[in-house]
Amino acid sequence: MTDKTTPPSQNSASSIWGGRFAGGPSQLMLDINASISYDKALFRQDIAGSRAHATMLQAAGILTADDLAAITTGLAQIETEIADGIFTFSEALEDIHMNVEARLAELIGDPARRLHTARSRNDQVATDIRLWLRDAIDGLDDQLRALQSALLTQADAHAETVMPGYTHLQTAQPITFGFHLMAYVQMMGRDRSRLADCRKRMNESPLGAAALAGTSHPIDRHQTATLLGFDRPMENAMDAVSARDFAVECMAAAAICATHLSRLAEEIVLWSTDRFTFISLSDAFTTGSSIMPQKRNPDAAELIRAKPGRIIGDLVSLLTVLKGLPLAYGKDMQEDKEPVFDAEASLAVCLAAMTGMIDDMSVNQQAMRAALASGHPAATDLADYLVSALKMPFRDAHHITGRIVSLADTHHCALDELPLSAMQEIEPRLDEAVQTVLSIDHCVAARNSFGGTAPDEVRARIAAARKAFLEG
């Protein structure tokens with residue numbers, strides 16, 4: 001055995017295709033055809049699939065016990081070589097499957113040549129990408145859970161920290177910062193649910209489907225499915241090798257998650273500006289300016305805000321590859337891996353950066369409360385009071401409240417600063433009790449319906465979220 005593979009000759013590609021080809025491909029054909037530059041990322045999954053396939057072939061009497069022992073030993077050495085960075089990948093061998101197989105033949109001879117019995121590169125790559133995505137989803141779920149934990153910690157600390165809630169980016173109603181952050185906890189929960197659903201659907205084994213029609217060899221696809229942790233083998237061999245909807249579904253879930261992260265990132269950008277000053281970020285997640293020494297730029301948030309464009313592009317790229325592609329396998333499908341790898345890597349770095357920012361974020365409670373001094377955030381509470389205390393139809397209450405708001409603007413004051421006598425000029429039945437209703441803290445505490453912004457309700461939802469998302 002050698003420590004490093006020997007680069008194959010120019011004709012090695014024709015040798016792996018078999019006797020049908022006498023000559024080798026042109027360099028241009030090698031350049032467009034080879035996928036080893038990126039599908040080498042699948043080496044662990046490819047080797048795991050080969051181990052399972054070899055174990056099944058031996059149980060079926062197609063390989064001997066000695067064959068299986070040699071294959072298992074050889075695959076272990078190859079996995080170590082690749083992990084240690086001493087494996088020489090060959091573009092002429094096209095992909096990870098043939099690179100591994102060629103090296104295995106160098107190490108153990110004929111048993112390696114029997115390993116490909118009853119399988120094709122078509123079902124190999126379909127198996128590899130499912131195994132890879134399954135691991136990737138597990139990793140993303142761990143990251144989403146960590147982000148939810150960070151959000152819950154901040155939400156708990158600020159269940160009573162009042163701030164404006166916005167619609168159309170204009171002051172709408174008073175809320176708490178903890179309540180606001182809990183919206184993202186729920187979004188991330190749905191992201192985790194989508195990824196879990198995707199994982200469940202993809203967890204079927206293509207291995208043994210061969211090129212497209214199955215095989216005449218006495219194989220046991222249920223055995224290989226079990227060995228690889230799949231729930232079952234796929235029911236149709238043609239579907240097994242040609243389906244990529246599982247990858248599309250995963251990338252769609254990634255695009256939705258990235259969009260959620262982008263919305264939070266945009267709010268972090270806004271909140272950290274000198275117009276809001278609601279939060280601040282440390283040097284760990286900000287950068288300076290090359291010309292303006294006073295600047296602290298929220299670049300991590302801005303980059304997260306941009307990433308959905310890339311991830312959505314990856315999704316569209318794969319959908320475009322598959323659109324109109326006839327069954328079963330076409331070389332077009334080689335283009336599935338790069339967008340999948342890129343989308344996962346992009347989302348993973350966004351999740352890591354966002355979790356770091358949420359942990360790092362300092363909250364300016366005074367600035368948040370001060371922002372409620374404008375925009376008349378208690379107006380809806382005044383309308384609700386007119387309905388409950390004066391039994392007024394809501395549309396009438398809405399109209400009268402609008403007139404009182406206009407009067408407050410004329411007086412250049414907030415609603416709770418407007419004299420009762422001034423309000424009584426518009427609605428004479430109002431009394432001193434209305435002043436309590438217009439208090440910001442009262443407005444927040446009054447919204448105690450399920451899922452509302454009242455601090456006690458926010459804390460109840462935090463406890464429920466911890467149980468649902470962190471303890472389950």
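Side chains are part of it too, since the values below use all heavy atoms of this structure and drop only hydrogens, waters and symmetry mates.
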Query raised in the report: Distance from Leu351 atom CG to Gln143 atom CD, nearest 0.5 Å?
Result: 5.0 Å
Query raised in the report: Is the backbone N or O of Glu204 less than 3.5 Å from a side-chain atom of Asp231, with the two atoms forming a donor-acceptor pair by type?
Result: no
Query raised in the report: Does Phe177 have any ring pair (Phe, Tyr, Trp, His ring centres under 6.0 Å) partners at least two apart in sequence or in another chain, and if so, which?
Result: His158, Trp271
**Report entry** Side-chain donor/acceptor of Thr453 to backbone N/O of Thr176, under 3.5 Å
**Finding:** yes
Query raised in the report: Just wondering, more than 12 heavy atoms not from Arg310 lying within 6.0 Å of its CZ?
Result: no
**Report entry** Salt-bridge contact Arg199-Glu249 (side-chain N to carboxylate O under 4.0 Å)
**Finding:** no
Query raised in the report: Can you check side-chain contact (heavy atoms from CB on, under 4.5 Å) on Ser362 and Ile279, steps first, answer last?
Result: CA-CA 5 Å; Ser362 296; Ile279 66 163; over 6 Å; no
Query raised in the report: For Asp95 and Ile36, which heavy atoms make the closest approach, and how far apart are they?
Result: C-CD1, 3.5 Å
Query - Nearest heavy-atom neighbours spanning Ala209 and Val241 - result: CB-CG1, 4.0 Å
Requested in this report: Just do the side-chain hydrogen bond (donor to acceptor under 3.5 Å, both in side chains) check on Arg119 and Thr127 with the steps written out, would you?
Outcome: CA-CA 11 Å; Arg119 74 175 183 183; Thr127 302; over 6 Å; no
Query raised in the report: Can you check whether Met188 reaches His260 side chain to side chain, under 4.5 Å on heavy atoms?
Result: yes
Report task. Could you go through the side-chain contact (heavy atoms from CB on, under 4.5 Å) check for Leu430 and Leu420 one step at a time? Result -> CA-CA 8 Å; Leu430 288 172; Leu420 176 60; 4.3 Å; yes
Query raised in the report: Which value, rounded to the nearest 0.5 Å, describes the distance between Leu195 atom CG and Leu347 atom CG?
Result: 7.5 Å
Requested in this report: Start with the C-alpha distance between Phe278 and Asn364, add both sets of side-chain angles, then the distance that settles side-chain contact (heavy atoms from CB on, under 4.5 Å), and finish with yes or no.
Outcome: CA-CA 5 Å; Phe278 285 1; Asn364 186 341; 5.7 Å; no
Report task. Could you list all the salt bridge (charged side-chain N to carboxylate O under 4.0 Å, His left out) pairs where at least one residue sits in residues 176-195, not counting sequence neighbours? Result -> Asp141-Arg192, Asp191-Arg194
Query raised in the report: Does Gln154 use its side chain to pair, donor to acceptor, with the backbone of Met361 at less than 3.5 Å?
Result: yes
Query raised in the report: What do you reckon, is CZ of Arg263 surrounded by more than 12 foreign heavy atoms closer than 6.0 Å?
Result: no
**Report entry** Nearest heavy atoms of Gln124 and Ser50, plus distance in Å
**Finding:** NE2-OG, 4.3 Å
Query raised in the report: What is the distance from atom NE2 of His399 to atom CD1 of Ile426, rounded to the nearest 0.5 Å?
Result: 9.0 Å
Requested in this report: For the pair Ser35 and Asp39, evaluate side-chain hydrogen bond (donor to acceptor under 3.5 Å, both in side chains) and give the outcome as yes or no after the intermediate values.
Outcome: CA-CA 6 Å; Ser35 60; Asp39 71 15; 2.5 Å; yes
Query raised in the report: Considering residues at least two apart in sequence or located in another chain, which fulfil the ring pair (Phe, Tyr, Trp, His ring centres under 6.0 Å) criterion with His53?
Result: none
Query raised in the report: If we only count heavy atoms from C-beta on, is the Leu386 to Val434 side-chain gap below 4.5 Å?
Result: no
Report task. Please answer whether the main-chain N or O of Asp456 pairs with a side-chain N or O of Arg461 as donor and acceptor at a distance below 3.5 Å. Result -> no
Query - Results of side chain to side chain contact (heavy atoms under 4.5 Å, CB included) for Asp416 - residues two or more places apart only - result: Ala414, Leu438
Requested in this report: Would you confirm whether Glu457, through its side chain, and Gly451, through its main-chain N or O, come within 3.5 Å as a donor-acceptor pair?
Outcome: yes
Query raised in the report: For Asp384, which residues count as a salt bridge (charged side-chain N to carboxylate O under 4.0 Å, His left out) partner, sequence neighbours excluded?
Result: Arg447
Requested in this report: Please report the closest heavy-atom contact between Leu207 and Gly49, naming both atoms and the distance.
Outcome: CD2-O, 3.8 Å
Report task. Give a yes or no answer on whether the side chain of Thr224 reaches the backbone of Arg221 with a donor-acceptor pair at less than 3.5 Å. Result -> yes
Query raised in the report: Side-chain contact, heavy-atom cut-off 4.5 Å: Tyr166 with His180?
Result: no
Query raised in the report: Counting only N and O atoms by type, is there a donor-acceptor contact under 3.5 Å from the side chain of Asp431 to the main-chain atoms of Ala433?
Result: yes
Query - Nearest-0.5 Å distance, CE of residue Met333 to CG of residue Leu322 - result: 6.5 Å
Query raised in the report: For Met423 and Leu407, what are the C-alpha separation, side-chain angles and deciding distance, and is it a side-chain contact (heavy atoms from CB on, under 4.5 Å)?
Result: CA-CA 8 Å; Met423 287 190 280; Leu407 184 62; 5.6 Å; no
Requested in this report: Measure across Leu470 and Gln148 and return the closest heavy-atom pair with its distance rounded to 0.1 Å.
Outcome: CD2-CB, 4.5 Å
**Report entry** Met163 side chain reached by Gln365 side chain, heavy atoms, under 4.5 Å
**Finding:** no
Query - For Ala301 against Val269, the heavy-atom pair lying closest together - result: CB-CG2, 3.8 Å
Query raised in the report: When you look at Glu81 and Arg103, which way does the salt bridge (Lys or Arg N to Asp or Glu O under 4.0 Å) test go after all the steps?
Result: CA-CA 10 Å; Glu81 289 176 356; Arg103 177 60 172 150; 2.7 Å; yes
Query raised in the report: For the side chain of Asn99 and the backbone of Phe89, is there at least one donor-acceptor N/O pair under 3.5 Å apart?
Result: no
Query - Residues Asp381, His442; criterion side-chain hydrogen bond (donor to acceptor under 3.5 Å, both in side chains); working and verdict - result: CA-CA 9 Å; Asp381 293 80; His442 177 275; 5.2 Å; no
**Report entry** Validation row: Phe246, Arg244 side chains within 4.5 angstrom (heavy atoms)
**Finding:** yes
Query raised in the report: Would you say Pro174 and Leu372 make side-chain contact, with heavy atoms under 4.5 Å?
Result: yes
Requested in this report: Calculate, to the nearest 0.5 Å, the distance between atoms CD and CZ belonging to Glu266 and Arg305 respectively.
Outcome: 5.0 Å
Query - Side-chain heavy-atom pair His411, Glu417 within 4.5 angstrom cut-off - result: no
Query raised in the report: Does Phe230 have Arg130 sitting over its ring (NZ/CZ under 6.0 Å from centre, angle to axis within 45°)?
Result: no
Report task. Check whether any side-chain N or O of Ser406 sits under 3.5 Å from a backbone N or O of Gly402 as a donor-acceptor pair, and report yes or no. Result -> no
Query raised in the report: Under the 3.5 angstrom rule, does the side chain of Ser388 hit a backbone N or O of Tyr385 as a donor-acceptor pair?
Result: yes
Query raised in the report: Can you name the residues that form a side chain to side chain contact (heavy atoms under 4.5 Å, CB included) with Glu79, not counting sequence neighbours?
Result: Phe43, Arg44, Ile47, Arg51
Query - From Met251 atom CE to Asp342 atom CG, the distance as rounded to the nearest 0.5 Å - result: 8.0 Å
**Report entry** Atom NZ of Lys331: over 12 foreign heavy atoms under 6.0 Å
**Finding:** yes
Query raised in the report: Does the pair Glu160/Arg459 count as a salt bridge with the N-to-O cut at 4.0 Å?
Result: yes
Report task. Would you check if Tyr184 and Leu264 make a side-chain contact, meaning some heavy-atom pair closer than 4.5 Å? Result -> yes
